[in-house]
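Everything on this sheet refers to the single structure shown next.
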Amino acid sequence: MANFDHKEIEAKWSKIWDDTNLYKTPEKIASKGKKYVLGMWPYPSGAGLHVGHVEVFAATDIYSRYLRMNGYSVIHPMGWDSFGLPAENYAIKTGIHPSIQTQKSIVVFKNQMERIGLAYDWERELNASDPEYYKWTQWIFIQLFKKGLAYKAKAPVNWCPSCETVLANEQVVDEKCERCDSVVTQRLMEQWFFKITDYAQRLLDGLNIIDWPASTKAMQRNWIGRKEGHKIKFDDIEVFTTRIDTLHGASFIAIANDSQEGFVGKYVTNPATGKKIPVWRADYVLDTYGTGAVMGVPAHDERDLAFAKKYNLEIIQMQPDPTMEKYGQKKVQYRLRDWLISRQRYWGTPIPMVNCEICGWQPVPEDQLPVKLPTDVDFRPTGESPITRSKTFQKGVICPKCGKSAKREVDTMDTFVDSSWYFLRFCDPTNLNAIFSKDKVKAWTPVDLYIGGDHATTHLIFARFINMFLYDIKLVSVPEPFVKFYKNGHVLGEDNRKMSKRWGNIVNPLEIVDKFGADSLRLYEMFMGPLDMAKVWNTSGVEGVYRFLNRLYRKFETTFNLDGDIGSLNKITNQLIGRVTRDIENMTFNTGIAAMMETFNKMSDATGNWRLAWRQFTLVLAPFAPYLAEEMWQKLGHTDSVHSQRWPEYDPAMVIDEKITMVVQINGKVREKFELDSGEAGEDKIKQLALESAKVQNYLKGASYRTIFVPCKLINFIVNTK
RNA sequence: GUCGGGAUGCUGAAAUGGUAUACAGUUCAGUCUCAAAAACUGAUGGGCCGAAACGCCCGUGCGGGUUCGAGUCCCGCUCCCGACACCA
């Protein structure tokens, strides 16, 4: 028998869903309430959608469809994190402007997303590199500046001498440039920072009220790195320590070193002992943490000991003494550092600041936003920001304060700024007068379910920070933007390695769609295992779910019209509804799909009203396999979409099996099984049956015993051996 | 080193403290076919006893413990993955 024609039904239903605007976000929120479901917006790369994207997007798609069927008003939007280095590098190589390449990639991505049946409201589509979007990214920068939370200061940055450009930390791998393998050096440059350190404690506290994976929370806690300790003065040198109880063992002071290790040539007083101790420069002391100086206690710290041994410094043996606390002052120290957002790159949001020789840095007046990215720019790297070379960018720029001629900032912002607030703009994506309407954001936020990669110490902390800032200036109504976050595990290539051109192990999701259909692709990726675990791709697994869908549809075609009395079918589909409901709620889609397969396997032996059974099955299948479910729904005689139906109710009374297998254990080992009517499976009955069994008798043999009875499960005879 | 997560058949994996290996894949055998593919049926942790059936033993990384009963809880390890890392 022929397989169902996935290409035909996908084309047919895609068009109808599009024409009827089926996935439009409702204007008014239903009495049941709202749900905001979001997958991290992707960078639209030239390579098109990756199977890893599909995993995230299929998961939010299933969940949002389920919530919609449960009567919630659901917002499930999508957009493009389109600024960034890959497009710029491509431009350097080919001369094609990044906006052209980006636009092309977006078209490809969007097409591919539609082909895998993702239920997005495209009327809310956003694009980070669109001036209508980055205008408001700039606006946020100015609000931060006005509150003293954006400032410019000298800072060391990563510099690739061969590419002649600044690199982000993520682009430095083992101290080498990710692209050309040159050793990266540090340069001191004037940079813009966001003062995220002001929010350190609140970012830490907020973790207690959100439902995130333990690992992501732990990473953020470590990153913030709160430590309670003491500041201690050794004359004019102040140190930070968490072990003030070892103060009397401090035999030297080590300060951060900007040239070479060695004795500074001066002594300071240990306040606890009154002794003079030497001050040394040491490699292991960081300028950026604490006070940039530590007290050296060789007897209690390995690094201090190593240093003391190396330079033959005194090692004082002692026991910790809590009374030392009186020599210091309590101090909370964080590891978190301010967020460096300047980039000497072209393809990003221009920093909306003007430098005046008299008035200093001034924000561009808000009515002059956006500061548009100039198009007359040679992207080739020369060591300065490419925008410097624009002939138009600085034309007629005046200081907003004094009106004299001034210069614009030529750096752009880190793309993580763009993605720190996009989830808010989705609530009111086309607003021309404001960043968004407060009411609309209040209505839809927080995000109820957020799924994506584990950017614990980048995107996920930056977005919390920006949201918290917007909360402080009363634009946003909740301090935490993402109530529940799920991270997806990586999908590895068939050879167990990260998918990469280098290994030639990349699976193109669209090839899978062509061959097996969008439903099979979705189902397979969800069936592979738990969402957050790393998975290895296996194409024969796709064939497995494909076979399942074909078997299902063939059976459907020959039975969907059969009416009949309520038979065993009704019970199995009721059980299915119960299981799949629970599995979607728990985000364990793999077991939900297994439940559908199991149910289908059972259906071949069952009897009853097939039409009713298929109706239930189709509704349960709909979030997972939207195309096939829609086709089945139509065959069942409906004229409206399966995706606007209510999620089926199940009758708990129907779910109880009338036959129960009771197990008889002897000392915890299974020795006998009985099938019983559920009404009869009481303790007395099962005990009587067990005692009648020759096998059980053999084990009991007149020995004394007691029993443990677990209703509907088992009876355990504990025999007194000896 | 610190923090987090894991370890179950040949593989992906399932299992509110209660019948371990559901659901798939793989492989093998069979049906159909001139043949192959597809589809369908069956088998697929190790061992023992057997002609077969029935049955028995061992099995969830290792060693202990709690419990009538442990993949699951507790203590101590080993290994793997991820993040951070001279953070005082």
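Note that these values count all heavy atoms, side chains included, but never hydrogens, waters or copies made by symmetry. Proteins come first, then strands; the chains are lettered A, B, ... in the order of their sequence lines, and each starts at number 1.
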For A:M295 and A:T457, find the nucleotide of RNA chain B closest to each by heavy atoms; which residue's nucleotide sits nearer the 5' end?
A:T457
Return the 5'-most residue of the pair A:M528, A:G290 with respect to RNA chain B, ranking by each residue's nearest nucleotide.
A:M528
Check every strand shown and say whether [X] touches a base, only sugar-phosphate, or nothing at a heavy-atom separation below 4.0 Å.
| X | value |
| --- | --- |
| A:P530 | sugar-phosphate |
| A:V239 | nothing |
| A:A534 | sugar-phosphate |
| A:K535 | nothing |
| A:R671 | sugar-phosphate |

[X] [atom1] to [N] [atom2], straight-line distance once rounded to whole Å:
| X | N | atom1 | atom2 | answer |
| --- | --- | --- | --- | --- |
| A:Y553 | B:A39 | OH | C1' | 18 Å |
| A:N586 | B:A14 | CG | C1' | 14 Å |
| A:K217 | B:C3 | NZ | P | 18 Å |
| A:Q220 | B:C3 | CD | P | 18 Å |
| A:L460 | B:A83 | CG | C1' | 13 Å |
| A:D454 | B:C81 | CG | P | 18 Å |
| A:E494 | B:G12 | CD | P | 13 Å |
| A:L531 | B:A13 | CG | P | 13 Å |

Does the separation of the ring centres of [X] and [Y] fall below 6.0 angstrom?
| X | Y | value |
| --- | --- | --- |
| A:F252 | A:F307 | yes |
| A:Y450 | A:W212 | no |
| A:W610 | A:F560 | no |
| A:Y311 | A:W280 | yes |

Expressed in whole Å, how much space separates the [atom1] atoms belonging to [N] and [M]?
| N | M | atom1 | value |
| --- | --- | --- | --- |
| B:U8 | B:C23 | C1' | 15 Å |
| B:C74 | B:U66 | C1' | 7 Å |
| B:G12 | B:A22 | P | 15 Å |
| B:A24 | B:C75 | C1' | 37 Å |
| B:A38 | B:U31 | C1' | 14 Å |
| B:G9 | B:G45 | P | 12 Å |
| B:C49 | B:G4 | C1' | 49 Å |
| B:A39 | B:C48 | C1' | 39 Å |

Kindly say if A:K669 contacts the phosphate of B:G59, meaning a side-chain N or O under 4.0 Å from OP1 or OP2.
no
May I ask you to verify if any side-chain N or O of A:R582 is less than 4.0 angstrom from the OP1 or OP2 atom of B:U16?
no
Gap between atom CG of A:N590 and atom CE of A:M526 - 0.5 Å precision:
9.5 Å
Between the side chains of A:R226 and A:Q201, does any donor sit under 3.5 Å from an acceptor?
yes
Determine, for [X] against [Y], whether the closest basic-nitrogen to carboxylate-oxygen distance falls under 4.0 angstrom.
| X | Y | answer |
| --- | --- | --- |
| A:E55 | A:R522 | no |
| A:D495 | A:R497 | yes |
| A:R579 | A:E598 | yes |

Does [N] have a Watson-Crick or wobble partner in any strand here, with both distances under 3.5 angstrom, and which is it?
| N | result |
| --- | --- |
| B:G59 | none |
| B:A39 | B:U31 |
| B:G69 | none |
| B:U8 | none |
| B:U26 | none |
| B:C3 | B:G82 |
| B:A20 | none |

Where protein sits on nucleotides 17-26 of chain B, one letter per nucleotide: B base, S sugar-phosphate only, - none, heavy atoms under 4.0 Å:
-BB--BBSSS
Base orientation of B:G76, chi within 90° of 0 counted as syn, else anti, reads anti
Per A:I718 side chain, nearest of listed nucleotides B:C68, B:A85, B:G4
B:C68
For A:M528 against A:V491, the heavy-atom pair lying closest together:
CE-CG1, 4.3 Å
